[in-house]
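Working notes, beginning with the structure itself.
All chains are named by letter (A, B, ...) in the order of the sequence lines, taking the proteins before the strands, and each is independently numbered beginning at 1. Values in this document were obtained by computation on a predicted structure and should not be read as measured data.
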Protein chains: 2
Amino acid sequence: MTVADVAREAGVAKATASRALGGYGAVSDEARDRVLAAAEALGYRPNELARSMNTGKSKTIGVVVGDIENGYFGLAMRGISDAAKRAGYDIILVNTSEDVEAEIDAVRLLLDKRVDGLIVAPASAYRTEHLREVHQSGHPLVLLDRRIESLPAVSVGVDIAPAARAATRALVAEGHRRIAFVSALGTDGERYSGLPLGVSSVTDRLVGILQGLEETGIPISPELIRFEAHGAEKTHAVIADLLALSEPPTAILLSDSLVALNVLLAFRELGIKVPRDVSVVAFDDVDWAAITDPPMTVVSQPIYDVGVTAAEELLRLMRGMAPDATTLRLPAALVERDSIGPVAVSAQ
Amino acid sequence: MTVADVAREAGVAKATASRALGGYGAVSDEARDRVLAAAEALGYRPNELARSMNTGKSKTIGVVVGDIENGYFGLAMRGISDAAKRAGYDIILVNTSEDVEAEIDAVRLLLDKRVDGLIVAPASAYRTEHLREVHQSGHPLVLLDRRIESLPAVSVGVDIAPAARAATRALVAEGHRRIAFVSALGTDGERYSGLPLGVSSVTDRLVGILQGLEETGIPISPELIRFEAHGAEKTHAVIADLLALSEPPTAILLSDSLVALNVLLAFRELGIKVPRDVSVVAFDDVDWAAITDPPMTVVSQPIYDVGVTAAEELLRLMRGMAPDATTLRLPAALVERDSIGPVAVSAQ
DNA sequence: TGCTATGGTGAGTCCGGACTCAATTGCATG
DNA sequence: CATGCAATTGAGTCCGGACTCACCATAGCA
C-alpha cells in the first residue's frame with residue numbers, strides 16, 4: 001500500500017494524495033475526503049523509512065549505555081523514553097557492556113541509521129575521539145551521567161560532590177576518622193593515584209569525599225580508596241583486605257548500589273554488623289535500601305529526572321536551539337537512615 | 001557523502017562504486033581498490049535508511065515492554081540485546097507503562113518504521129487484536145514472558161507452575177495450611193474469581209500454587225488470593241487486611257520482586273518478623289534477595305535466557321524458518337534460603 | 001577467422017514519500 | 001468582459017543505495 005495506490009483508488013494524482021495524507025500544501029476538502037477514505041479502505045500506512053529519506057529526519061534518537069540491566073540506567077532510560085515519546089521520538093537502545101570498542105561501533109551504526117540525535121553514557125573519559133567527531137560534525141549529542149572535560153558537548157548528570165561531602169561529614173560527626181571509599185571502577189593500577197578518574201561520576205564522588213575530609217582536618221589515606229570491586233568475589237577480597245589493615249576503616253562509602261549489594265554480602269560472610277562494626281553510606285537510593293538491616297543511609301539521586309533532562313536537552317539541540325547549559329547537574333541528597341553509627345570501641 | 005560522490009572521486013560509474021561498496025556483483029580488483037580508497041578519503045558511510053528502502057530489511061527489531069525500569073524486563077532486555085547484536089540487529093525499545101493503548105500505538109509505529117520483527121510483552125490477554133493482526137499479516141512476532149491462548153504466535157517465557165507448586169509444597173511441608181498469594185496485577189474486581197487471569201505469567205503462578213494445595217489436600221481460600229498490590233500503600237493495605245483475617249495466612253507467596261519489596265516494607269512497619277510470624281516465598285531471584293533478613297527463599301527464573309531465546313526465535317522467524325515451538329518455557333527453580341519456617345505457635 | 005562464454009561496466013530504474021514547479025481553475029475586481 | 005490573484009492540481013524530480021539490463025572487451029574454442 002503506497003500513496004500511489006491510494007491516489008489511484010481516490011482518483012487523484014500522487015502529489016495530491018501525498019499532500020492530503022501528509023497534511024501539507026493546499027488540498028480541497030473534497031479531494032482530502034476522497035483520499036482519506038481511500039487510505040482508510042486500503043488500510044494505508046505511510047512508510048516512515050521513505051519519509052525519513054527525504055525529510056532527513058528519522059524521528060529516532062540513539063541511546064548508548066553501558067548496562068541496561070543496571071537499575072540506574074534502567075531508570076534513566078525510562079526518563080529518556082518518557083520524554084522522547086512525548087515529543088514523538090522513538091529510541092534505539094544499544095548496550096555496550098562498558099566496552100569502548102562496542103561504543104564506537106554503536107555510535108557509528110546509529111549515525112548510519114540516521115538517528116536525529118544521540119545520548120551516550122561514555123564508557124571511558126580517555127577514548128573519546130568518536131564522540132568528539134560526532135559533536136564536531138554537528139550531530140546533536142548529550143552525555144549522560146558522565147561528562148568529558150575536553151569535550152564541549154552537553155552533559156546531564158547528578159551534582160554528587162556536595163552530597164558526597166555531606167555524607168562524609170555525617171560520618172565524621174559520628175567520630176569516624178578512617179573512612180574508606182569502594183568503587184567498581186576499573187583502573188590501570190590497583191591503587192589510587194590521584195584525580196581525575198576514568199569516569200567523571202566516580203571522580204565527583206571522590207572529590208566530595210576528599211573535600212569533606214579536608215574540611216574536617218582528616219588526613220587522606222590512599223590505602224582506603226579502592227577500585228575494581230566488581231562482582232561478589234572481588235568485592236569480598238577488597239573488603240577483607242581493607243578490614244585487615246593495621247588501621248582498618250570504621251566507615252565505608254560505597255560508589256553505587258551494586259557495590260553496596262556485594263559489600264553487604266561480604267559483610268554477612270565476614271560476620272560484620274552494620275553499623276556496630278562498620279558504618280556505611282551508599283550512593284544511589286536503590287529501592288531495596290530501605291529494607292536492609294538496618295535500613296541504609298544513602299545518597300539519593302534523581303536518576304529518572306536525569307533521563308528526562310537529557311532527552312529534553314537533546315530535543316532542544318535537535319530543534320537547533322542552544323542548550324540550557326553545557327553541564328547540567330541535578331541535585332543529590334543525603335537520605336539518613338540507620339547505617340551510620342558511632343565508632344566501635346574495639347576499633348578506636 | 002553518497003555513492004555518487006565516491007564514484008566521481010574514483011572515476012567510475014555509480015553502479016560500480018555501489019557494487020564495490022556493497023560487496024555484490026563483479027568488480028575488478030583495480031576498480032574496487034580505487035572505490036574503497038575514494039570512500040576512505042571521503043569518509044563515506046552508507047545511508048542505512050536508503051539501503052533499507054529497497055532491500056525491505058531494516059536490520060532492526062522492535063521490543064515493546066511494560067516497564068524497562070523493572071529489573072525483570074531490564075534483564076530480559078539485556079538478553080534480547082545481546083542476541084540481536086550478535087546477529088547484527090539493532091533494537092527500538094518502547095515502554096508502554098503497561099497501557100494497552102500505548103502498546104497498540106507502539107506496534108503500529110514500529111511497523112511503520114519497518115522493523116523486521118517484533119518482541120512484545122503484551123499488557124493484556126484481552127485486548128489482543130493488534131497483535132493478532134501483526135501475526136496474521138505475516139510479520140515475525142514473539143511474545144515475551146506472557147502468552148495469549150488464542151494467538152498462535154511464538155511465546156517465550158518461564159515454566160513457572162512447577163516451581164510454584166514446589167514452593168507451595170515446601171510451605172505445606174513446614175505445616176502451613178493458610179497460604180496466601182499476593183500480586184500487583186490489576187483485575188476488574190477486587191476479589192479472585194477463578195482462572196485465567198489477565199496476564200498468563202501470573203495465572204501460571206497461581207495454577208502451580210493451587211495444584212500444590214490440592215495435592216496436599218488443603219482447601220483453597222479465595223480470600224487469600226489478592227491482587228492490585230501495586231505501590232507501597234496499596235500493598236501495605238493488602239497485607240494488613242490479610243493479617244486481620246479471622247484465620248490469617250501463616251505463609252505468603254509474592255508474585256514478583258517489586259511486590260516482595262513492598263511486602264517486606266509493610267512487614268517492617270507492621271512489626272512482622274519473617275519467618276517467625278509469617279513465612280515468605282517470592283517469585284524472581286532478584287539480586288537483593290540474598291541480603292534480606294533473613295535471606296529470602298525465591299523462585300529463580302532464567303530471565304536473561306528468556307530474552308536471548310526470544311530474540312533467537314524471532315531471528316529464526318525472520319529468516320523464514322519454522323519456530324522451535326509455539327510455546328517455549330525455560331525452567332524455573334526453587335532456591336531455598338531462610339524465609340520459610342514452621343508455623344508460629346500463636347497462629348495455629 | 002568466427003563464435004560464444006564471461007567478467008566488467010555504465011545507464012537507468014526502483015523503493016515510497018516529499019517537494020518543486022508549472023498549469024489550470026475559480027472567483028473577485030476594475 | 002478582461003485581468004489578477006489565490007487555491008488547487010498533476011507531472012516529475014529528488015533522497016541514496018540496490019539492482020536490472022544492455023553493452024563492451026577479452027579469452028577460449030572450433
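Taking CD1 of A:I104 as the reference point, atom CG of A:L131 lies at 8.5 Å (rounded to 0.5 Å).
Listed in residue order, the members of residues 23-31 of chain B having a heavy atom less than 4.0 Å from DNA chain C are B:A26, B:V27, B:S28, B:A31. Heavy-atom distances under 4.0 Å link DNA chain C to A:V3, A:K14 of residues 3-14 of chain A, given in residue order.
Contacts of B:R146 classified as side chain to side chain donor-acceptor pair (under 3.5 Å), with partners at least two apart in sequence or in another chain: B:E98. Residues meeting the side chain to side chain contact (heavy atoms under 4.5 Å, CB included) test with B:R51, sequence neighbours left out: B:P46, B:E48, B:T55.
For A:K113 (side chain) and A:T60 (main-chain N/O), no donor-acceptor pair under 3.5 Å exists by modelled atom type.
For residues 53-78 of chain A, the salt bridge (charged side-chain N to carboxylate O under 4.0 Å, His left out) pairs, not counting sequence neighbours, are A:D67-B:R78, A:E69-B:R78, A:R78-A:D82, A:R78-B:D67, A:R78-B:E69.
Residue B:I68 comes nearest to B:F73 through the heavy atom pair CA-CB, 4.4 Å, listed as atom of the first residue, atom of the second, then distance. Here the shortest heavy-atom pairing between B:S81 and B:I91 reads CA-CD1, 3.5 Å.
Counting to the nearest Å, the P atom of D:dG16 and the CG atom of A:L111 are 15 Å from each other. Distance B:N47 CG to D:dA18 C1': 13 Å, rounded to the nearest Å. Whole-Å rounding puts the B:R114 CZ to C:dG16 P distance at 8 Å. Distance CE (A:M53) to P (C:dC15): 13 Å, rounded to an integer number of Å. Between A:L42 atom CG and C:dG16 atom P there is a gap of 14 Å when expressed in whole angstrom units. One interatomic measurement links the two molecules: CG of B:D33 to P of C:dT9, which rounds to 11 Å at whole-angstrom precision. Taking atom CZ of residue B:R19 and atom C1' of nucleotide C:dG12, one finds them 12 Å apart after rounding to whole Å. The distance from atom CZ of B:R32 to atom P of C:dG7 is 13 Å, rounded to the nearest whole Å.
Note on B:T16: a side-chain N or O is less than 4.0 Å away from OP1 or OP2 of C:dG10. In this structure, B:T55 does not reach the D:dA18 phosphate: none of its side-chain N or O atoms is under 4.0 Å from OP1 or OP2.
Residue contacts for A:S18: at a heavy-atom cut-off of 4.0 Å it reaches a base atom on one of the strands shown. Heavy atoms of A:R45 sit under 4.0 angstrom from primed sugar atoms or phosphate atoms, though from no base atom.
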N/O donor to acceptor pairs below 3.5 angstrom from side-chain atoms of residues 7-27 of chain B, sequence neighbours left out:
from	atom 1	to	atom 2	distance (Å)
B:R8	NH2	B:D5	OD1	3.3
B:S18	OG	B:Y24	OH	3.3

Stepwise side chain to side chain contact (heavy atoms under 4.5 Å, CB included) check, A:V154 with A:L143 | CA-CA 6 Å; A:V154 175; A:L143 266 25; over 6 Å; no
